[in-house]
Enquirer: 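Once you've had a glance at the structure underneath, I'll fire off some questions.
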Amino acid sequence: MLANEIFDRLKTEFGDAILAFDDTQPTDPFIMVQTDKVFDVCYSLRDNDEFQFDYLMCLTGMDLGENVGVVYHLYSMKFKHKVVLKVVAPKADPKVPSVEMLWKTADWHEREAYDLMGVQFEGHRNLIRILCPYDWEGHPLRKDYETPEFYHGMKVSY
Amino acid sequence: MGLLNKLDDPYEGGGIVLGKVEDLLNWGRSKSDWYLHFGLACCAIEFMAMNASHFDFMRFGTIPRTSPRQADFIMVTGTVTFKMADRIKVLYEQMAEPKYVISVGSCSNCGGPYWEHGYHVLKGVDRIIPVDVYIPGCPPRPEAFEEGMMLLQSKISKQAIFNKRKKLEAEL
């Protein structure tokens with residue numbers, strides 16, 4: 001199934017929760033989804049017999065200036081089709097529903113996005129840092145991140 | 001080595017070698033260095049080549065140990081992140097004296113490619129533990145490992161064991 005067909009099916013099922021479809025970019029065509037509905041959309045994409053997206057290839061966090069974004073790359077092993085979902089959340093309150101219950105891949109990927117980009121995944125059962133030390137402050141891949149001067153008494157800058 | 005050269009000129013017929021006990025001990029120490037390998041990045045991959053048969057690191061008398069208690073020197077090979085820096089400090093403190101440190105590669109020497117934007121990298125392992133030999137390279141060739149090992153051996157073989165303070169004062 002092509003991405004625009006998937007978009008049409010989702011549009012009839014979820015209505016306004018599916019915001020936009022873009023296939024003009026040189027990247028894979030993607031579907032913008034309303035942030036608080038992303039779990040329901042993903043649930044449908046995984047368990048609907050027409051879609052059967054059983055594989056979350058990648059979950060990525062993005063810094064968009066005012067907002068943070070999350071990108072989901074889904075793939076169906078059975079139908080060999082794929083789709084890209086995108087959601088955005090304001091940086092002041094970056095809450096996104098977790099899909100960790102749907103795909104085990106999302107467990108570590110969401111922890112990484114939380115660790116480096118500060119996206120708060122609601123419903124994740126173990127949202128702790130995965131790469132940085134547990135007592136690290138801030139989220140290093142944000143554009144406005146300021147490197148600390150010292151960590152445990154060790155100078156950070158050269 | 002000074003001790004072995006004396007074998008060329010032994011006392012006639014006696015097979016006696018005259019030498020200092022300090023030289024004997026240092027000779028033994030420098031030729032049987034057991035090491036704790038702290039592999040962190042691609043330098044550790046290069047070190048595998050060093051350990052394999054082509055370059056044969058063990059001909060220097062080195063034996064890899066998995067416990068810091070049994071190690072004479074620690075080989076820090078790779079990028080020292082802040083998360084790892086705490087562990088290196090603990091392992092170094094667990095080693096028994098006398099202990100030595102070889103820092104391998106640009107990352108553990110000075111931060112390497114992470115020197116400017118690496119928020120997570122310690123800019124040189126010498127900021128937390130005293131380094132005896134630096135091996136430059138990114139990663140170093142096995143020949144560089146060999147030279148570093150020989151430098152450490154020559155450093156150990158020249159060290160004072162008895163009357164340390166007196167000898168240090170004489171040097172100053």
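Below, chain A is the first sequence line, B the second, and so on; all start at residue 1.
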Enquirer: Can you name the residues of residues 133-155 of chain A that have some heavy atom under 4.5 Å away from a heavy atom in chain B?
Expert: A:P133, A:W136, A:P140, A:L141, A:Y145, A:T147, A:Y151, A:H152, A:M154, A:K155
Enquirer: Would you kindly confirm whether A:V96 and A:M32 end up in one hydrophobic cluster when ILVMFWY residues are joined by side chain heavy atoms under 4.5 Å apart?
Expert: no
Enquirer: Determine whether more than 12 heavy atoms belonging to other residues, nucleotides or ligands lie under 6.0 Å from atom NZ of B:K83.
Expert: yes
Enquirer: For the residue pair B:F82 and A:C132, establish whether any side-chain heavy-atom pair is separated by less than 4.5 Å.
Expert: no
Enquirer: Does B:K166, at its NZ atom, have more than 12 non-hydrogen atoms belonging to other residues, nucleotides or ligands within less than 6.0 Å?
Expert: no
Enquirer: Do A:L19 and A:V70 belong to the same hydrophobic cluster, where Ile, Leu, Val, Met, Phe, Trp and Tyr are linked whenever their side-chain heavy atoms lie under 4.5 Å apart, directly or via other members?
Expert: no
Enquirer: What is the distance from atom CH2 of B:W115 to atom OG of A:S157, rounded to the nearest 0.5 Å?
Expert: 10.5 Å
Enquirer: Is it possible for you to say whether A:V83 and A:F21 belong to one hydrophobic cluster, with membership spreading through side-chain heavy-atom contacts below 4.5 Å?
Expert: yes
Enquirer: Are B:M95 and B:I128 grouped together when hydrophobic residues (ILVMFWY) are joined by side-chain heavy atoms under 4.5 angstrom apart?
Expert: yes
Enquirer: State which residues pass ring pair (Phe, Tyr, Trp, His ring centres under 6.0 Å) with B:H120; sequence neighbours excluded, sorted by chain then number.
Expert: B:Y114
